[in-house]
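A short write-up of the structure that comes next.
The structure displayed is predicted, hence computed values, not measured ones. So you know, we letter chains A, B, ... as the sequences are listed, proteins then strands, and number each from 1.
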Amino acid sequence: MHAMEDLIAAALAEHLPLEPEELADLLETPPSPEMGDYGLPCFTLAPRLRRAPRQIAAELQGSVALPAGVRAARAEGPYLNFFLDRSETIRRVLTGITQEGPAPADEGDNADRTVVIEFSSPNISKHLGVHHLPGTVIGMSLCRIFRALGYRAVSLNYLGDWGTSHGRLIAAIERYGVEDPHALTVSELQDLYVRYSTEAEDEPEMQQQARDAFRRLEQGDPGTRQVWEAFREVSLREFERVYDRLGVEFDRYTPESLYVDRKDELMERLRRQGLAQQSEGALIVALDEHDLPPCMVLKSDGATLYATRDIPAAEDRWERYRFEKALYVVGNEQSLYFQQLKAVLAKMGHHWADRIVHVNFGLIKFLDAETGNARVGSTRSGDMLLLEDVLQEAVQRARAKIEDNRNRFEDGADLDELAEKVGIGAVIFRELSTRRTRDVVFDWERMLDFEGDTGPYVQYAHARLCSILRKAGEDASLEVDFSRLSLPEEWTLVRHLEGFAHALHRATADYEPSAVATYLLDLCADFSAYYSAGMREPERRVLCQDGEVRAARLLLVDAIRRVIRSGLELLGVAAPERM
RNA sequence: GCGCCGGUAGCUCAGCGGAUAGAGCAACGGACUUCUAAUCCGUAGGUCGAGGGUUCGAAUCCUUCCCGGCGCGCCA
């Protein structure tokens, strides 16, 4: 992956009974730059060479041929450490970022590798709540990161527009005499749903009416279908407003309803393959050999349920995209179900079933003011926190903070737009800054924090970088004396910049955008310390007296700026130039 | 009972086979005549849930157990 690691590994392979690839895997970064830039631990070699690790390291130090760009190799106990030629490395890294971009798509062969990513997938007729935030931003970010590495990534929104609950809403429309469903808002739809559910609790016939309404929908009754289509239209209007603010885009909406008419064909196939069997009036696929509970594919009243639609939906994705991976960015609570889904698909003979990856994430819980316990909110009780409200609050707080720093901005600057970028950036970054599998207890203070390890911290570093470049009065140029970047902090920064590609690879390998977020926080911490050192000592400023040093630092600053900007973009966070 | 996720500093989290376990917040002490203090520097704070195993080496891998969250056929 890194040219330099490969070169060192190749040189080592001349003297060791190991393949260059194995050696490249063994290479690591020593704990501090004074100890070297790459290190080879010699422990694993000891049994094969029948010599002590320290001895191996010492012998290699004498024999290994130094590849171009490597200044020295030194044995340090059982480690053999390599020291890079600094100004040459700095030249390579900075020109690479400047000319080819922060994330060089060095693997053009990814272009025919397709990754299908399903995410967000809200149910229609309900607001987007905070619990939609993780899946929505994780999916979008993964999509961008895969694309940055040259993959073909397809974003799908598998809208929840089918199921019994929609029957309940249709019944509500009919019962409460709503004239024009198209004129409704999502709030009103949600109210109708709650009202109907509450009333139906001790009215069995209302529950029956809801089931009947859903059956009419499944049978294609035109009037019923019209009402239902209004739900979808009204909902999409609101969803897209929120997606827009979050910078989220889908290549396709593939609502569940697309796949209901495949029910009969699917059942026929399952029967023919001998996979489906009757159980308590319903149709199930037994999964004993996978040590899983059976998967129900048809309800006892003959209606479809999620699996009935998910199976054809998966088949459709395969037919259409021939994916290398199909990611389902869905909450952890569905992990058992995804095991079942994959098992059913495998039993049906789909070799691609194991390309399906459940990219699970933790739940958002709320602290109950009365009990002090964390719990999950529910739509029915109406206590769901709206995603839009969270965004709104974040933007307002950002706006107040900007007002505190009014003197930084010229008259006429669009401070509302800036507040939008910072507030929403803070929310997205917060969500993407920890590993996705953890449950989180929602906390306003934490979500809207602008200091410390936060999105605005990274944005602020970026704004400072831009500010330096603005004040420089000259553009960053590649025609500089790279040896003038001689401070240890500058070397650390350059090596850090080189690690960006690695962070991106980690993010795709683990389906974990937080790898990019933590990378950015690290880089910004190094930069902020570097920047602050210039406060007390003017000769350490980027814009220092010495013209040659200044020019070289300017190029470094520009490269850091590019990497941070690129990283923020991949997370879906704006990178304002002033703040 | 079974499945998935988590248990690392007071709190929130990184680190997930290597050389002294790191950040942020909170606490305490410092730095604004600024290349933007939404920042930086310093101090203090840890039997990495517990036991066993694998390994030259384990927070990291395996295993048993404990604690917490979520799920386990007619919701998705």
Side-chain angles (χ1 to χ4, degrees), chain A residues 26 28 30-32 35 39 41 43-44 46-47 52-53 76-79 81 121 123 158 160 162-165 256 279-284 291-301 303 305-307 309-310 330-340 358 360-363 365 374-376 398 401-402 404-405 407-408 422 426 433-441 443 445-446 449-457 459-461 463-472 514 517-518 521-522 525 528-536 538 540-544 550 553 557 578-579:
Chain A
L26 279 174
E28 53 189 54
S32 88
M35 300 170 76
F43 307 99
T44 38
E76 190 123 9
Y79 291 86
N81 292 336
S121 305
N123 291 325
Y158 187 59
W162 211 255
T164 349
S165 63
E256 285 185 76
S279 169
E280 296 168 36
L283 212 54
I284 60 164
D291 283 321
L292 289 169
C295 181
M296 183 181 288
V297 290
L298 204 61
K299 299 202 286 187
S300 51
D301 65 356
L305 73 173
Y306 45 95
R309 307 184 283 271
D310 284 352
V330 177
N332 193 32
E333 65 275 14
Q334 287 188 39
S335 61
L336 180 60
Y337 169 66
F338 275 105
Q339 291 180 54
Q340 293 176 304
H358 176 205
N360 57 338
F361 56 84
L363 301 114
K365 294 176 288 184
R375 61 189 172 77
V376 181
K401 179 82 185 174
I402 289 165
D404 292 345
N405 296 321
N407 52 336
R408 285 185 194 170
V422 173
S433 61
T434 59
R435 281 164 64 246
R436 62 177 175 9
T437 47
R438 309 187 79 99
D439 289 350
V440 289
V441 178
D443 176 355
E445 292 310 312
R446 200 168 134 67
D449 192 6
F450 297 158
E451 289 168 17
D453 281 349
T454 65
Y457 172 78
Q459 290 175 318
Y460 184 67
R464 280 173 144 184
L465 286 155
C466 291
S467 175
I468 294 172
L469 290 161
R470 263 197 313 273
K471 295 204 169 167
S514 70
T518 47
L521 289 171
D522 276 356
S528 294
Y530 174 65
Y531 179 93
S532 299
M535 292 289 187
R536 284 312 197 75
R540 288 171 68 100
R541 293 185 185 189
V542 175
L543 304 179
C544 59
R550 186 171 64 234
R553 286 179 181 169
V557 159
R578 299 170 202 257
M579 66 185 279

Could you tell me which nucleotide pairs with [N] by Watson-Crick or G-U wobble geometry, both distances under 3.5 Å, or answer none if nothing does?
| N | result |
| --- | --- |
| B:C72 | B:G1 |
| B:C13 | B:G22 |
| B:C65 | B:G49 |
| B:A27 | B:U43 |

Query raised in the report: Is it true that A:K401 and A:E451 have a side-chain N and a carboxylate O under 4.0 angstrom from each other?
Result: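 Yes, A:K401 and A:E451 are salt-bridged.
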Requested in this report: Quick one: closest heavy-atom pair of A:A307 and A:Y337, and the distance?
Outcome: CA-OH, 3.3 Å
Taking only N and O in the side chain of [X], is any of them less than 4.0 Å away from OP1 or OP2 of [N]?
| X | N | result |
| --- | --- | --- |
| A:T164 | B:C75 | yes |
| A:R436 | B:C5 | no |
| A:R438 | B:A14 | yes |
| A:R435 | B:C5 | no |
| A:T434 | B:C13 | no |
| A:K299 | B:C75 | yes |
| A:Y457 | B:C25 | no |

Under 4.0 Å, counting only non-hydrogen atoms across every strand here, what does [X] touch: a base, just sugar-phosphate, or nothing?
| X | answer |
| --- | --- |
| A:I402 | base |
| A:N360 | sugar-phosphate |
| A:N407 | nothing |
| A:T437 | sugar-phosphate |

**Report entry** Most 5' of A:P294 and A:R446 on RNA chain B, judged by nearest nucleotide
**Finding:**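 Nearer the 5' end of the strand: A:R446.
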Sticking with atom [atom1], work out how far [N] lies from [M], rounded to a whole angstrom.
| N | M | atom1 | value |
| --- | --- | --- | --- |
| B:G30 | B:A14 | P | 34 Å |
| B:U8 | B:G1 | C1' | 31 Å |
| B:C32 | B:C5 | C1' | 46 Å |
| B:U60 | B:G68 | P | 22 Å |

Nearest listed nucleotide, side chain of [X], among [options]:
| X | options | answer |
| --- | --- | --- |
| A:P293 | B:C13, B:A19, B:C72 | B:C72 |
| A:L363 | B:U20, B:G73, B:C70 | B:C70 |
| A:S532 | B:C70, B:C40, B:A76 | B:C40 |
| A:Y460 | B:A76, B:U39, B:G6 | B:U39 |
| A:D439 | B:G69, B:A19, B:G3 | B:G69 |
| A:Q334 | B:C4, B:C40, B:A76 | B:A76 |

Under 3.5 Å donor-acceptor, [X] side chain and [Y] backbone:
| X | Y | value |
| --- | --- | --- |
| A:H358 | A:Q339 | no |
| A:S532 | A:A529 | no |
| A:T454 | A:Y457 | yes |
| A:S300 | A:A282 | no |

Query raised in the report: Would you say the base of B:G73 and the side-chain of A:S279 have a donor-acceptor pair closer than 3.5 Å?
Result: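 Per atom types, the contact qualifies.
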Query raised in the report: Does B:G15 adopt a syn or an anti glycosidic conformation, taking syn as a chi angle within 90° of 0?
Result: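 Here the answer is anti: the torsion falls beyond 90° from 0.
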Query raised in the report: Stacking check: are the rings of A:F43 and B:G57 less than 5.5 Å apart at their centres and under 30 degrees in tilt?
Result: no
Query raised in the report: Are side-chain heavy atoms of A:T44 and A:L26 found at a separation under 4.5 Å?
Result: yes
